[in-house]
Amino acid sequence: MRGSDGILGMKGGERNSSEKWVKRRERWLVILGVVLHAVYMLSIFDIYFKTPIVHGMHPVKPRFKAPPAKRLVLLVADGLRADKFFEPDSEGNHRAPFLRNIIKNRGRWGVSHARPPTESRPGHVSIIAGFYEDPSAVTKGWKANPVEFDSVFNQSRHTFAYGSPDIVPIFCGALPHSTWKTYPHEFEDFATDASFLDEWSFDQFQSLLNRSTQDPELKELLLQDNLVIFLHLLGCDSNGHAHRPFSSIYLNNVKVVDHIAERVYSLLEHYYKDNRTSYIFTADHGMSDKGSHGDGHPSNTDTPLVVWGAGVKYPKPISTSNNSDHGVFVDEHAHDMPTPVDWGLNGIERVDVNQADIAPLMSTLLGLPCPVNSVGNLPLGYVDMIEAEEVEAVLANTKQILNQFLCKSKIKQSNSLYFKPFKLLAHHSAALEHIEYLISIRDYGSAMILAQNLRTLALKGLQYFQTYDWLMLMTVITLGYIGWIICLLLHILQSYTSLADVFKNPHDAWQRNNKTKQVYLFGCLLAGAISVLLFMEHSPPLYHAYFSMTVFLWTQIVGEYQFIKTLCRWLSWGKYNYIIKILAASAVSIFILEFLVNSFTERKLYTWCFFIMGIIAAFYLFHAIPWRSGIPIYVCCACWFLSVFTLMPADIPDNNGLVIASGAIIVIIGAAARWLDQHSEGNKFWLRICYHKMEKPRSPVLFFLQVLLVGLSSAMVSISTSHRKEKQELHAIHQLINWSIGGFSMVLPLFSEKSLLSRLTSIFLGFAPTFLLLSIGYEAVFYGALALVLVAWILFENTILHLTKVAKLSASMKRTGEKTMLENDVRYLQLSDVRIPLIFLILFNVAFFGTGNFASIASFEISSVYRFITVFSPFLMATLLIFKLFIPFMLVICVFSAITKLLQVPRVGCYFLVILFSDVMTIHFFFLVRNTGSWMEIGNSISHFGIVSAQVVFVLLLFALTNTYTKDIQIGSAGSSSQKAA
């Protein structure tokens with residue numbers, strides 16, 4: 001074991017006879033990894049976030065003689081923030097004078113607290129159906145899915161709905177007793193003032209009433225009871241995305257929706273003249289300062305709620321005896337939070353609600369059963385009823401929630417071999433009988449308390465059955481991840497280190513071993529037995545997948561017991577310094593991985609990381625390089641420059657001038673790299689990264705063309721932004737130019753010179769125009785800073801390679817017959833090579849968080865795409881946003897591939913090390929997923945787990961994509977020959 005560098009550096013012979021088996025096994029490993037991570041990623045939804053919808057419950061109608069209202073009007077101002085609605089403008093005038101007059105003289109008000117994901121579909125489902133869709137519902141955001149749940153609209157006699165094609169069809173598309181109409185998608189143009197969409201919805205409703213004078217059937221329908229009128233007002237959402245919620249256009253849209261509410265009220269009161277109409281004005285979600293929504297920030301979760309009309313209490317002065325129906329709301333805001341002084345409503349009682357509480361409020365006002373899937377609590381602070389009717393309304397609400405609990409309990413009991421009931425509701429029947437008795441003797445106060453307590457227990461019981469299988473599933477998934485990591489480690493040791501020479505052919509040894517066959521037979525029998533048990537319990541298909549994959553992985557591990565046994569024997573016989581090296585490398589790796597885990601919640605850690613990394617790298621190079629060199633200073637400055645960006649706000653402020661200046665910075669970086677590439681001949685240090693063959697270098701035309709495209713993209717940034725600021729439509733010719741620049745520039749690197757520095761410089765300049773056109777602020781400068789650090793990484797690795805003279809040593813070893821190479825001049829992995837995937841992960845993750853919080857839904861800055869498209873097209877916009885985020889990743893992976901060629905290490909082996917380290921982080925994030933506390937924390941924990949889990953997929957895809965650019969890179973050698981890595 002001479003000259004070994006621990007386990008990963010032992011020397012041995014080639015394994016030509018097993019090369020095909022290794023490649024075949026790797027293909028299966030990649031396929032298994034993609035499937036495993038896709039399936040295991042879904043496990044958190046089975047553990048914590050299963051859909052709350054169950055079927056089979058009967059509606060419970062409140063038992064009072066006559067409902068307070070014959071019809072109800074629901075006005076939803078999509079994307080309207082509570083503070084922008086209630087606060088005055090700069091001149092002290094209020095933006096919603098009509099609704100403010102309602103608050104002071106005719107109705108009740110409060111803040112409706114939404115629960116993330118604060119998207120349009122989940123928000124409207126909460127309002128109209130009364131329950132919170134599981135987090136996966138955000139993927140349904142813009143789809144008109146068939147209605148698979150009950151809603152207030154379903155329970156109504158007839159529903160009239162007008163508004164967005166993304167919302168109205170969700171609830172009315174499959175509803176026979178509905179009249180609805182939507183405007184075309186083309187109307188949703190972010191380059192215009194979208195308040196006309198709100199006027200369109202009102203005009204359609206006004207036209208309906210006007211037609212009723214000529215249509216007797218329509219007139220008769222409008223005179224029926226239990227009617228719901230729904231106007232979806234999208235203007236605030238579209239204008240908030242396009243112009244921000246503090247813009248004059250957005251704030252003026254608040255006045256528009258207030259005026260629409262006033263006209264709807266006047267129209268209906270004049271039409272019916274019976275004072276039997278209830279009105280509810282609210283919003284599905286708010287809007288962040290940068291014009292986005294989705295997470296749990298108060299600007300997204302706090303929405304206005306104004307209720308007036310039939311069955312609604314009048315304003316009431318604030319009293320210290322006022323009690324709340326809620327202790328803490330779904331967005332973790334405590335009740336009785338102080339009302340901002342500038343709202344001017346401190347003297348009037350404020351009744352805050354959870355967003356799902358609006359559904360039972362609407363049902364009660366109309367005398368309808370609550371939607372059968374609703375989990376909302378009836379807010380008594382809004383309804384104007386006698387005490388007996390209030391109790392009956394709360395009891396109906398309680399029975400409806402209790403029915404859901406009983407249905408879930410019955411389903412779980414019928415499918416479980418061993419059932420664990422929710423003990424707190426074991427005597428629910430007796431509790432209901434006691435409440436009925438108290439009502440019969442008119443002890444309404446005691447009946448109300450018991451009904452509310454029973455409702456609380458029913459909600460807890462629903463939560464109990466939502467997470468019934470969590471312990472079993474978490475154990476299985478954790479064992480699966482650990483098994484996958486061990487399988488990867490065994491494959492790396494067998495295929496990319498000299499340790500595999502313990503077996504001449506591992507595949508044949510595995511086939512010849514009878515005990516291994518017995519292990520696989522036992523694994524198949526165990527998986528089959530578990531599947532039978534799961535089938536008997538009617539478990540979901542994914543449960544079978546979780547167990548089968550975990551059993552399969554551990555069967556593979558046990559099947560390699562001979563290799564593991566030999567490895568353990570080698571460790572026990574080896575020198576202690578090998579074990580110390582392994583332990584030290586493991587400790588450093590775990591420390592870095594834990595640092596990366598914590599960086600997901602604290603971006604500023606990267607500032608310290610690169611600040612310290614710059615000092616350490618510079619200090620090492622300063623003492624290692626025997627000649628005077630500026631490399632240590634460059635490496636230090638590059639790291640320090642990049643460290644600044646994670647101190648900047650995640651919400652990227654608009655700065656058009658900075659984007660244009662970034663174009664100049666990118667050109668300067670590219671010119672410096674080209675100068676270095678052209679003036680390094682004869683210097684052995686630069687030979688490997690600046691190597692050119694003996695033929696004449698190519699013309700600089702390609703370089704100047706790329707520089708021209710960077711300059712042209714900077715000019716288009718200025719032109720396109722000025723048009724948008726002037727509220728002009730983006731000209732078709734400008735769009736064509738932007739699309740042409742973005743597409744053409746990314747093809748040019750394929751025609752650049754093949755030396756490492758030349759090709760990487762061309763790739764950097766090739767993606768720059770597209771990134772600039774998709775940038776709005778400092779992230780454009782980050783692109784250049786990241787490139788500087790990537791060059792520093794290349795210089796660091798090249799310095800180590802040059803100083804250790806690996807190429808010369810390898811040639812010497814080949815002559816003496818000691819082989820350390822695998823194939824195609826790629827050497828075995830050594831323990832010290834662990835630094836390569838670790839540095840890659842740091843840079844890969846800083847690309848996530850260097851310009852924002854990628855894990856937050858609201859960090860997707862939609863205005864980034866306005867230079868390519870302004871008409872609302874969610875999938876195209878999302879594609880452009882994701883591509884923008886992937887450009888820094890592609891730059892990192894291109895450099896990673898180049899470094900593996902430079903150091904002659906197997907790129908696939910390094911890829912498996914990257915996945916191995918990522919999955920160590922995945923296990924940590926799996927246990928950090930939360931279903932309690934702030935929903936912003938819950939949403940972020942899901943995002944973090946999903947991002948790390950998906951790395952096995954999109955890192956692989958990016959490797960395949962960037963291979964188009966890096967496969968031709970040629971590395972110089974001391975013998976003036978080029979080396980190609982597979």
Side-chain angles (χ1 to χ4, degrees), residues 26 30 33-34 37 592 596 606 642 673 689 745-750 752 754 756-768 770-771 779 782-798 826 833-851 854 882-919 921 947-971 980-982:
E26 284 177 347
V30 169
V34 171
H37 285 80
I592 293 174
L596 291 175
Y606 285 110
L642 187 64
I689 62 176
S745 65
M746 290 184 292
V747 178
L748 294 179
L750 297 174
S752 64
K754 297 179 181 180
L756 186 146
L757 189 57
S758 294
R759 179 56 62 91
L760 291 180
T761 302
S762 184
I763 292 171
F764 167 68
L765 292 174
F767 284 105
T770 307
F771 196 80
E779 78 270 33
F782 171 81
Y783 181 76
L786 180 64
L788 292 175
V789 169
L790 292 173
V791 172
W793 185 20
I794 294 172
L795 294 178
F796 181 82
E797 296 291 351
N798 189 55
V826 177
D833 293 327
V834 170
R835 74 180 184 280
I836 300 171
L838 289 174
I839 294 174
F840 168 79
L841 280 174
I842 293 174
L843 292 171
F844 194 79
N845 281 278
V846 82
F848 272 116
F849 297 104
T851 59
F854 186 89
I882 292 172
F883 183 72
K884 173 195 172 182
L885 293 167
F886 273 19
I887 287 176
F889 304 153
M890 295 174 71
L891 210 59
V892 173
I893 291 179
C894 284
V895 172
F896 175 78
S897 299
I899 285 177
T900 59
K901 291 191 175 188
L902 178 68
L903 302 181
Q904 294 179 284
V905 294
R907 190 175 70 156
V908 177
C910 289
Y911 165 75
F912 283 126
L913 280 173
V914 168
I915 300 307
L916 188 151
F917 289 140
S918 295
D919 284 326
M921 297 168 59
I947 287 170
V948 181
S949 296
Q951 282 192 7
V952 68
V953 179
F954 63 73
V955 169
L956 179 65
L957 293 176
L958 290 176
F959 263 117
L961 182 61
T962 57
N963 189 55
T964 306
Y965 295 98
T966 60
K967 64 182 178 180
D968 295 329
I969 289 179
Q970 295 182 350
I971 306 297
K980 276 195 177 184

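Separating the CG atom in Leu891 from the CG atom in Leu958 is a distance of 11.5 Å, to the nearest 0.5 Å. The CD1 atom of Ile893 sits 11.5 Å away from the CD1 atom of Ile763 when rounded to the nearest 0.5 Å. To the nearest 0.5 Å, atom CZ of residue Phe889 and atom CG of residue Leu957 are 13.0 Å apart. If you take OG1 on Thr966 and CG on Leu756, they are separated by 10.0 Å, rounding to the nearest 0.5 Å. Between atom CG of residue Asp919 and atom NE2 of residue His37 there is a gap of 3.0 Å, rounded to the nearest 0.5 Å. Note that the CG atom of Asn845 and the CG atom of Leu596 stand 5.0 Å from one another [nearest 0.5 Å].
Among all heavy-atom pairs drawn from Pro888 and Ala847, the shortest one is CB-CB, 3.9 Å. Phe917 and Leu841 get closest at one heavy-atom pair: CB-CD1, 3.4 Å. Minimum interatomic distance between Thr964 and Leu750 (heavy atoms only, all atoms of both residues): O-CD2, 3.5 Å. The nearest pair of heavy atoms linking Tyr783 to Ala768 is OH-N, 3.5 Å. Residues Ile842 and Tyr606 come closest through the heavy atom pair O-CE2, 4.1 Å. When all heavy atoms of Ser752 and Arg759 are compared, the closest pair comes out as OG-NE, 2.7 Å.
Qualifying side-chain contact (heavy atoms from CB on, under 4.5 Å) partners for Thr770, counting only residues two or more places apart in sequence or in other chains: Ser745, Met746, Leu774, Phe883, Ile887. Every side-chain hydrogen bond (donor to acceptor under 3.5 Å, both in side chains) that Ser918 has, sequence neighbours left out, goes to Gln951. In this view, Val791 and Tyr634, Leu795 satisfy the side-chain contact (heavy atoms from CB on, under 4.5 Å) rule, not counting sequence neighbours. Under the side-chain hydrogen bond (donor to acceptor under 3.5 Å, both in side chains) criterion, Ser897 pairs with Arg907, sequence neighbours left out. Every residue was checked against the side-chain hydrogen bond (donor to acceptor under 3.5 Å, both in side chains) condition with Tyr965, not counting sequence neighbours, and none meets it. Residues that satisfy the side-chain hydrogen bond (donor to acceptor under 3.5 Å, both in side chains) test with Ser762, not counting sequence neighbours, are Gln706. For Thr761, the side-chain contact (heavy atoms from CB on, under 4.5 Å) criterion is met by Ala673, Leu757, Leu765, not counting sequence neighbours. Partners of Phe959 under the ring-ring contact (aromatic ring centres under 6.0 Å, His included) rule, at least two apart in sequence or in another chain, are Phe896, Tyr911.
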### Task
Tell me, with the steps shown, if Ile839 and Ile899 meet side chain to side chain contact (heavy atoms under 4.5 Å, CB included).
CA-CA 11 Å; Ile839 294 174; Ile899 285 177; over 6 Å; no
### Query
Checking side chain to side chain contact (heavy atoms under 4.5 Å, CB included) for the pair Leu788/Leu642: CA distance, chi angles, key distance, verdict?
CA-CA 8 Å; Leu788 292 175; Leu642 187 64; over 6 Å; no
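A centroid separation of less than 6.0 Å is found between the aromatic rings of Phe840 and Phe844.
Checking side-chain atoms of Lys754 against main-chain N and O of Lys967 turns up no donor-acceptor pair under 3.5 Å.
Using a 4.5 Å heavy-atom cutoff, the side chains of Leu786 and Val892 are in contact.
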